Visitor: 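The structure follows.
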Amino acid sequence: MTIREVAESLERFERELAAGRPRAAYEAALTAWRACRAPELAALVDRAAIVFAPHTPLAEKKQAAFVEAWLARARNREPYERRWLLDQLERLVLGHQSSLIASCLDELVATQDDPSIAVPACTMAGLPGGTVNFGSWGKVLTRLFKLIVNAGDPRAIAPLDKLAKATTQPASPRTPSTDQDLARRIPKVVTALRKCTVVPLDAELTTLVTRSLALLDKPLSPANAEEEEEATRDDALLAAVLADLDDGAARAVWADALQQAGDPRGELIALQLAGTANAKAAKAAEKLITKHWRTWLGPIAPAVVRDSLEFDRGLLVACTTDVRRKGVSDAVFSHPSWGTVRRIAFKTYGHLTPAMSRLEEARLVPEDGLEMLATTTFPRLRVLEINRNRGAYDDGMAGGIPRSKSMKALATTKGLPALRSLGLDGPYYLRGTPEYYRWIFETPFAGQLETFTIKVDWPEWEADVVSSWLAVMRPAAALRRIEFRASAVLAIDPKAGIATLEHDLRVSVNDPRSWVETPITVARALAETAGLVMGPPVISTAPRRRQQS
């Protein structure tokens, strides 16, 4: 960009400011700074961010409400609010809420070339917000340093050098492990920032910057409201794809636009549109996913298990999640990016949320992740598998009555019109007699269930237990398959009166004979007592495979 173009950007800043369009004015100031990274222009961007951002802090007193409000503002994507959003996190820093801070920072780390957040991020990195050893403050520092590098502002070098020297002082307010981590990481960040080229301003541009700063010192007119801007072409193309995920033509148009812009996701879409039969194309697609998946998933990437994710024509459609801190679960799973996912599994904490509007299968959902069923409809959800809450010693029921908020939501929900398969997983289910679970088969969705699965412990079963279960399940008239699952699966077809012992594909079997010896004896006794015909065992000797979500 030429000096004249920098001047034109500054002149556009003045016009947009006079027209009451702070977003456009801020973008004009950024464009000018990105051309030369001069500190005078960085100061203009800083001042614009302060003037345009809200003048009051987020007022929510409760932490959960505060985080929800913060995420809503971050996802609004007003560029001039980034500095303000970063400042708001000081409340969580002082409260040593490292995991929540890291989750919030995931919304900002993709920011590129914005000097307004560089120095505040340096300040936050030096706060005594937690410890690296035996704590999650290291995750916060990782995100802060990525944010600083992405901001690309050489002004951050001075505060980083000062912070590096402070880590050797005996009166440091930080823990020793945190200071050691800072001392190790800061030189790499400084090296990256020294590569940024700074072009000095001439007298004419310095005068323009001074004039622009003076305009920011004047009060903005109350009538100056941000005008609605038309969506960019790329946004419109993505919106068309999200409106109908089955529309291959819309996906192809989006892919062409991405490829023209040099975005590798466009190549991925084109490869996957060509089909999976082409081994060379499939290998090239997997290579692209391996390289770029974190960028494409953005803020939700830290929650996803890499080996589980599946992309379909450029968008995430299936994955297993692993969120290990309950406090960040709400923030992670409320993100709109889950709107393309059809199949999900939870290794640890997780929630069903309104963002998951296209969900078809949800496996190992923690029990307390079901509360949204009380207010939200999941129109496509066909498979729901419930797991006990992590670290809990109960199953949300007592005396055959749902007691927890989640189980009450499940008992009364009318938001599962497509549900066909329900499963209870985890070692604390099957705590009582079949009567204990009768309420499940009296729910609004019970009549549409085709498959019901529950974990069992074979040695504890009495001979008439299957008969008792069949009696309890009679209201579920559509049931075609009942699975009692342990190391083996006793599968019952209640309409045909047939029971079959099946190999669980999630368990590797080296010797089918040793596997079948004990379960087949128990299963045959159970089946005969219930008056069922026992079919031959179905045994697979296939090697262990990764469980698909």
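Predicted model, so just to flag it, every value in this text is computed and none were measured.
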Visitor: When Leu424 is tested against each of Ile386, Asn387, Thr453 for side-chain contact (heavy atoms from CB on, under 4.5 Å), which residue passes?
Guide: Ile386
Visitor: Measure from the side-chain N and O atoms of Arg420 to the backbone N and O of Glu450, and report whether any donor-acceptor pair falls under 3.5 Å.
Guide: no
Visitor: Is the closest side-chain donor-acceptor distance between Thr131 and Asn133 under 3.5 Å?
Guide: no
Visitor: Under a 3.5 Å distance rule, please check whether Ser308 uses its side chain to pair with a backbone N or O of Thr321 as donor and acceptor.
Guide: no
Visitor: Check whether Gln448 reaches the backbone of Leu419 with its side chain - one donor and one acceptor, N or O, closer than 3.5 Å.
Guide: yes
Visitor: Do any N or O atoms from the side chain of Gln97 and from the backbone of Gly95 form a donor-acceptor pair under 3.5 angstrom?
Guide: yes
Visitor: About how many Å separate CD of Glu107 and CZ of Arg75, when rounded to the nearest 0.5 Å?
Guide: 4.0 Å
Visitor: Say whether, by atom type as modelled, one donor and one acceptor occur between the side chain of Thr413 and the main chain of Gly415 under 3.5 angstrom.
Guide: yes
Visitor: Is a side-chain donor or acceptor of Gln272 paired with a backbone partner of Ala285 at a separation under 3.5 angstrom?
Guide: no
Visitor: Are more than 12 heavy atoms, taken from residues, nucleotides or ligands other than Glu90, located less than 6.0 Å from that residue's CD atom?
Guide: no
Visitor: Out of curiosity, Phe445 CZ to Thr412 OG1, how far, rounded to the nearest 0.5 Å?
Guide: 9.5 Å
Visitor: Are side-chain heavy atoms of Leu315 and Val241 found at a separation under 4.5 Å?
Guide: yes
Visitor: Do Leu416 and Leu373 come within less than 4.5 Å of each other through their side chains, counting heavy atoms only?
Guide: yes
Visitor: Other residues, nucleotides and ligands only: do more than 12 of their heavy atoms fall within 6.0 Å of CZ on Arg474?
Guide: no
Visitor: Would a 4.5 Å heavy-atom cut-off, applied to side chains only, mark Trp439 and Ile401 as touching?
Guide: no
Visitor: Between Arg251 (side chain) and Leu245 (backbone), is there a donor-acceptor pair under 3.5 Å?
Guide: yes
Visitor: Does Leu352 form a side chain to side chain contact (heavy atoms under 4.5 Å, CB included) with Leu359? I'd like the steps, not just the answer.
Guide: CA-CA 9 Å; Leu352 297 182; Leu359 206 58; 3.8 Å; yes
Visitor: Salt-bridged, Arg73 to Glu78, with N to O below 4.0 Å?
Guide: no
Visitor: Rounded to the nearest 0.5 Å, how far does CD1 of Ile344 lie from CE of Met356?
Guide: 4.0 Å
Visitor: Taking everything shown except Arg324 itself, do over 12 heavy atoms lie less than 6.0 Å from its CZ?
Guide: no
Visitor: Hey, are Thr353 and Ser334 close enough side-chain-wise for a donor-acceptor pair under 3.5 Å?
Guide: no
Visitor: Verify ring pair (Phe, Tyr, Trp, His ring centres under 6.0 Å) between Phe452 and Tyr437, making sure each step is shown before the conclusion.
Guide: CA-CA 12 Å; Phe452 177 74; Tyr437 301 92; 7.7 Å; no
Visitor: List the atom of Ala53, the atom of Trp84, and the distance in Å for their closest heavy-atom pair.
Guide: CB-CB, 3.6 Å
Visitor: For a 4.5 angstrom cut-off between non-hydrogen side-chain atoms, does Tyr349 reach Asn389?
Guide: no
Visitor: Go through the steps to decide whether Ile300 and Trp338 satisfy the test side chain to side chain contact (heavy atoms under 4.5 Å, CB included), and finish with yes or no.
Guide: CA-CA 8 Å; Ile300 70 171; Trp338 299 107; 3.8 Å; yes
Visitor: For Ala409 and Glu371, which heavy atoms make the closest approach, and how far apart are they?
Guide: CB-O, 4.0 Å
Visitor: Going through the distances and angles, do Leu268 and Trp293 end up as a side chain to side chain contact (heavy atoms under 4.5 Å, CB included)?
Guide: CA-CA 11 Å; Leu268 174 65; Trp293 70 275; over 6 Å; no
Visitor: Is it true that the side chains of Ser421 and Thr451 contain a donor and an acceptor less than 3.5 Å apart?
Guide: no
Visitor: Short question: side chain of Arg83, backbone of Ser116 - any donor-acceptor pair under 3.5 Å?
Guide: yes
Visitor: Looking at Ser406 and Asp368, what are the two nearest heavy atoms and their distance?
Guide: OG-CA, 3.1 Å
Visitor: What closest approach, in Å, do Leu147 and Ala121 show between heavy atoms, and which atom pair accounts for it?
Guide: CD2-CB, 4.2 Å
Visitor: I'd like a table of donor-acceptor pairs (distance under 3.5 Å, sequence neighbours excluded) in which one partner is a side-chain atom from residues 134-143, with atom names and distances.
Guide:
from: Ser136; atom 1: OG; to: Ser99; atom 2: OG; distance (Å): 3.4
from: Thr142; atom 1: OG1; to: Gly138; atom 2: O; distance (Å): 3.0
from: Thr142; atom 1: OG1; to: Arg185; atom 2: NH1; distance (Å): 2.7
from: Thr142; atom 1: OG1; to: Arg185; atom 2: NH2; distance (Å): 3.2
from: Arg143; atom 1: NE; to: Ala102; atom 2: O; distance (Å): 3.2
from: Arg143; atom 1: NE; to: Asp106; atom 2: OD1; distance (Å): 2.7
from: Arg143; atom 1: NH1; to: Lys139; atom 2: O; distance (Å): 3.0

Visitor: If you draw a 6.0 Å radius around CD in Glu68, do more than 12 non-hydrogen atoms from other residues or ligands fall strictly inside?
Guide: no
Visitor: From the options Ile289, Leu288, Thr290, select the one residue that forms a side-chain contact (heavy atoms from CB on, under 4.5 Å) with His292.
Guide: Leu288
Visitor: Strictly distance-based, threshold 3.5 Å: is any side-chain N or O of Trp70 a donor or acceptor partner for the main-chain N or O of Cys104?
Guide: no
Visitor: Looking at every heavy atom in both Tyr436 and Met397, which two are closest together, and how far apart are they?
Guide: OH-O, 3.1 Å
Visitor: Assess whether a salt bridge exists between Glu267 and Arg265, defined as any Lys/Arg side-chain N lying under 4.0 Å from an Asp/Glu carboxylate O.
Guide: no
Visitor: Distance only, no hydrogens: is a donor on one side chain within 3.5 Å (strictly under) of an acceptor on the other, for Thr348 and Asp322?
Guide: yes
Visitor: Please indicate whether Lys188 has more than 12 foreign heavy atoms, meaning atoms of other residues, nucleotides or ligands, lying under 6.0 Å from its NZ.
Guide: no
Visitor: So do Leu410 and Pro402 actually touch side chain to side chain, heavy atoms under 4.5 Å?
Guide: no
Visitor: Can Arg481 and Glu502 be counted as an ion pair, charged N to O under 4.0 angstrom?
Guide: yes
Visitor: Identify whether the distance between the nearest side-chain nitrogen and carboxylate oxygen of Arg82 and Asp114 falls below 4.0 Å.
Guide: yes
Visitor: Phe311 versus Val317: any side-chain heavy-atom pair under 4.5 Å?
Guide: no
Visitor: Might you point out which heavy atoms bring Val328 and Leu100 nearest each other, and give the distance in Å?
Guide: CG1-N, 3.5 Å
Visitor: Are the side chains of Leu370 and Leu384 in contact, using a 4.5 Å heavy-atom criterion?
Guide: yes
Visitor: Does some side-chain heavy atom of Cys319 sit less than 4.5 Å from a side-chain heavy atom of Glu310?
Guide: no
Visitor: Determine, for Phe66 and Arg91, whether the Lys NZ or Arg CZ falls below 6.0 Å from the six-membered ring centre while staying within 45 degrees of the axis.
Guide: yes
Visitor: Return yes if some donor-acceptor pair links the side-chain N/O of Thr111 with the main-chain N/O of Leu108 below 3.5 Å, else return no.
Guide: yes
Visitor: Using side chain to side chain contact (heavy atoms under 4.5 Å, CB included), reason through Thr178 and Asp181 one step at a time and then give a plain yes or no.
Guide: CA-CA 5 Å; Thr178 300; Asp181 197 54; 5.6 Å; no
Visitor: When rounded to the nearest 0.5 angstrom, what is the spacing between CZ in Arg403 and NZ in Lys408?
Guide: 8.0 Å
Visitor: Would you give the length of the straight line joining atom CG of Leu490 to atom OG1 of Thr500, rounded to the nearest 0.5 angstrom?
Guide: 8.0 Å
Visitor: Say you draw a straight line from CG of Leu316 to CH2 of Trp296; how long is it, rounded to the nearest 0.5 Å?
Guide: 11.5 Å
Visitor: So, are Lys283 and Glu286 salt-bridged, with charged N and O less than 4.0 Å apart?
Guide: no
